[in-house]
Structure formats: C-alpha cells, structure tokens
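Down below is the structure, laid out as structure tokens.
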Amino acid sequence: MFQKILIANRGEIAVRIIRACREMGIKTVAVYSEADKEALHTQLADEAICIGPAPSTESYLNMERILSATIAAKADAIHPGFGFLSENSKFVEMCQKCNITFIGPSADMINRMGNKSEARRTMRSAGVPVVPGTKEPVYEAEEGKKIADEMGYPVMIKASSGGGGKGMRICEKEELFCENFRTAQMESVRAFGDHTMYIEKYIVHPRHIEFQILADKFGNVIQLGERDCSIQRHHQKLIEESPSSSLTPQLRKEMGKMAVHAAKAAGYENAGTVEFLLDQDDHFYFIEMNTRIQVEHPVTEMVSGIDLIKEQIMIAAGYPISKKQEEIHLNGHAIECRINAEDPKRNFMPCPGVIEGLHLPGGFGVRIDTAVYGGYEIPPFYDSMIAKVIVHDKDRISAINKMRSTLGELILEGVVTNLDFQYEILNNEDFQRGKISTDFIPEHFPSDSLNRD
Ligand code: MV4
C-alpha cells in the first residue's frame, strides 16, 4: 500500500481525499498556490508544499512543479481529483517516468476516451447504443452537410476534443449547416487545437444519466447505479441525484449492464463514469466516458455506502474492488446541490470574498463537502463552487424535503451565492414531479439571460 499520497488539487475535493487517506493510514502532501496559503487543504494535510503563484497555469496545472514536490516529499502516488491535471495524459506519462503512481486510468485510456469520436467508435463496435450519427470523423463542412441532410434535422455538431459544450452547435436546418459547422470547428481549433468533428442526430429534451463504475486490475468491473444530472446551466451541473426518477427498474438494469459492458470493452481501470442521454421515448445512447472521479460522486456514495476515493486508491495500489456486483445494494435517495459563490441576478457572475458568517447544517443523512470556514477569503482565481450539500433519505420526496430544510438552515454571509436559486429549483412543481430534462433551467428560468451558450 502507498505510504504517502500527494493531492494535486485544492478545495473540497482535496479535503475529501486527505480525509480518505488519513482513515487509511496514508500520509498526505498538499500542494498549494500563493493564494491558498490559508486554504483548508493546505492546513489539513500532513505536509504542504507551495508550488507557485495564484494563477492555476503557474501552480495547479504546472506539471514539473507538482512532480518535483512529489519527489521532494517522497510520495508514492498522486491523486489528481477532478479538473486541473486529472485528464491530462501527458501528466500521467510524466508520473510513470518518475515512478509515481497516478491514481486513475492510463494515459492511453485518457486519450482514447478524451477523443469523443474515437470513444463513439469503440462503443459502437462493442454494441453499446450511441446517438445515430457519423461513423468517421468529419473535417469539411460540405462533407458533414451531406451526412446531415441524409440524417434529417435537427442535428448536433460536436468537436471530437470537446467537452462542457465547447465546440458544440445545434443545427436546426440545412441552410444553416455550413455556417454552424465552421463556427463549432473554429471554436474547437481555438480551444483544443483540433479540427476533428462529428455529427449526431439532435436528441430533444434529453435527460443526462451517468453510471458510476469501478474497474480493477483483475478485470472486475462493477456499476454503482446512476446519477441524474439533467439540472444544468451552461453545462454547469447544479443538482445531481440518485436514483434518477426517469428510470424504471428494468431500464436501470439494462443501462447498468451496458455501462459495465462499455467499461469492459474499453479495458477501463479505476473509477469512471459512462454518460448516456435518455430520450423522451426512453431510448438511451452513450455520449461520453469520464475518466476521473467526479464532483457529484458523493451522491453515489450515499446510496451505495461505498467510499469511491478509497476504492480508487486501493485499485491504483493493485488491490481488487472491495465488493462484487451482487454485494452492491443501493438504498434510498440522495441529492446534491452545488453552492457557488456567484450572483444569479448578475448572470451568475463569480462573487469571491470573505466568509463573514458561516453556519453549516448537520443531522441524520446530511453531508457537507466544503473547504470553507468562518473568516476564510475565497480567492478569485479558481472555480466558484464553495460547497456541496448532499442529503440522503428513504425516497425522493423525503430527500427533497430534507434538502429544502438543510439549505434553509445554511448560513453563508459576506459572499453572494446561488443558495436562493437552488431553493427555487427545489420548490418547482415540475422538479418535484421529476419532470426534468437538460432544458429545465432555460425553460423555467427564461429571465436567465443567462440561457444563451
Ligand atoms: C447532445 C444533446 C442532444 N443531442 N447530443 C452537452 C455536453 C456534452 N457532453 C453533450 N451535450 C449534449 N449532447 C445530442 N445528440 C444535448 C446535450 C446537452 C446536454 C447534455 C447533458 C447535460 C446537459 C446538457 C445541456 C445542454 C445540451
């Protein structure tokens, strides 16, 4: 087992990983930027090493400095968390060269899943349903238009290197195709230096359903149920829950089996997520595979009782997954609300500042993952997410009520947050009925000027 792990991240996920390591008897090394001297992760770890100035390009994204810190501290492994270097295959290769274990999949796997048209091909040849669309990458607008004309509109034009909605365009009709294609492609070249595109049939009012999987070095692959992440704004998830109110037990079983099959077909290792779109007729389609632990992982932990971070560490150290599929029992309902330091009244503009008053709720089935404390100053350089409120109860209605009660008790003074916005969603009748899709926010909050991409 590892003696010492360096956590190449900050905020609540760094704290989450430090806690898991401590429980496992593994020493921890935090890395921090000059802006994070007083951060919780810096204070909680056994050791902390400053890796550079505030901008993440000079600190949390600086591979050489993070590797130097790992070597100096004599750590055996690096946990990347999410974001930053978590899906950077070059970093994974550098770790390997330095004889440091990267807690995650191989560089090759990250590349193969990061290339969305290649992932589509892998899944299609394995018999996993993918959204109807192109079988080969597309580079020219005219070439794409021929295929789209045959497919019928609307279509979705996507960048192979895309993610988070970048390099993606809906095209409603033939006349607009070439213009939309070129715009999406230019965006992709700018953002990823890649002009590889693919085209899919546009799925109307889809639900975003993702399955959590675990895969070890012995070929064992299990799934821990789904998360419904349909409540998003500008590709930023706001609320995640498990189980999804959109799945019947039969469909859940089918999709879960397919998620395991997808991970096996890819030869996947460590924790991962298989993302599907579910259409209005309950057909599901693979869209992407995430090769990291995700922000919303606690939702799965609450219903499964499995500590996903510990499993990741054990898998990377060469141990088998702690449980077989038959031993996984999903209980009750969990919901997560992301609390961001941003102002819904000002187009969700980030609002960093000092936390002047803080009260974190608690109680049975309440979990708060955060790295803020009273008097803490949120630096303006990073993500605006400051807390994840997760609740667990026997069913969806009870969980929604528990979340409303919990958010009502939460006090965050000194900074503007999206707390009231979250409260409004929870109080929405359609949300309560489970009438949700990825269009929920634009449809229910049209004032949200907010809803243009
Ligand atoms: C789609 C789609 C509809 N049809 N693909 C957005 C991010 C990227 N990961 C995939 N996305 C979508 N792909 C087809 N063929 C709708 C979305 C989409 C979406 C997906 C999941 C969660 C939120 C979303 C919000 C807007 C659009």
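For ligands, and for the atoms within them, numbers begin at 1 and follow the listed sequence. Every value quoted in this text rests on a predicted model; they were computed, and no experiment measured them.
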Could you list the atoms of ligand 1 found under 4.0 angstrom from a heavy atom of [X]?
{"X": "Q232", "value": "22 (C), 23 (C)"}
{"X": "V131", "value": "15 (N)"}
{"X": "E200", "value": "5 (N), 14 (C), 15 (N)"}
{"X": "L277", "value": "1 (C), 2 (C), 3 (C), 4 (N), 5 (N), 13 (N), 14 (C), 20 (C)"}
{"X": "Y202", "value": "3 (C), 4 (N)"}

At under 4.0 Å between heavy atoms, which part of [X] makes contact with ligand 1: side chain, backbone, both or neither?
{"X": "D439", "answer": "neither"}
{"X": "I203", "answer": "both"}
{"X": "K201", "answer": "backbone"}

Decide if atom CD of E429 counts as having more than 12 heavy atoms of other residues, nucleotides or ligands within a radius under 6.0 Å. no
Give the minimum heavy-atom separation between I17 and G81, together with the two atoms involved. CD1-CA, 3.9 Å
Any salt bridge between [X] and [Y], counting N to O under 4.0 Å?
{"X": "R227", "Y": "E336", "answer": "no"}
{"X": "E210", "Y": "K237", "answer": "yes"}
{"X": "R65", "Y": "E58", "answer": "no"}
{"X": "R121", "Y": "E136", "answer": "yes"}

Could a heavy atom of M168 be found less than 4.0 Å from some atom of ligand 1? yes
What about K158: any of its N or O atoms under 3.5 Å from an N or O on ligand 1? yes
Within 45° of the ring axis of F431 and under 6.0 Å from its six-membered ring centre, is that where the NZ or CZ of R396 lies? yes
Kindly assign one of parallel, tilted or perpendicular to the pair F177 and Y153, based on the angle between their ring planes and the thresholds 30° and 60°. perpendicular
Heavy-atom proximity to atom 18 (C) of ligand 1 ranks first, among H208, H235, E275, E288, for H235
Would you mind finding which of T438, I199, I157, D279 brings a heavy atom closest to atom 25 (C) of ligand 1? T438
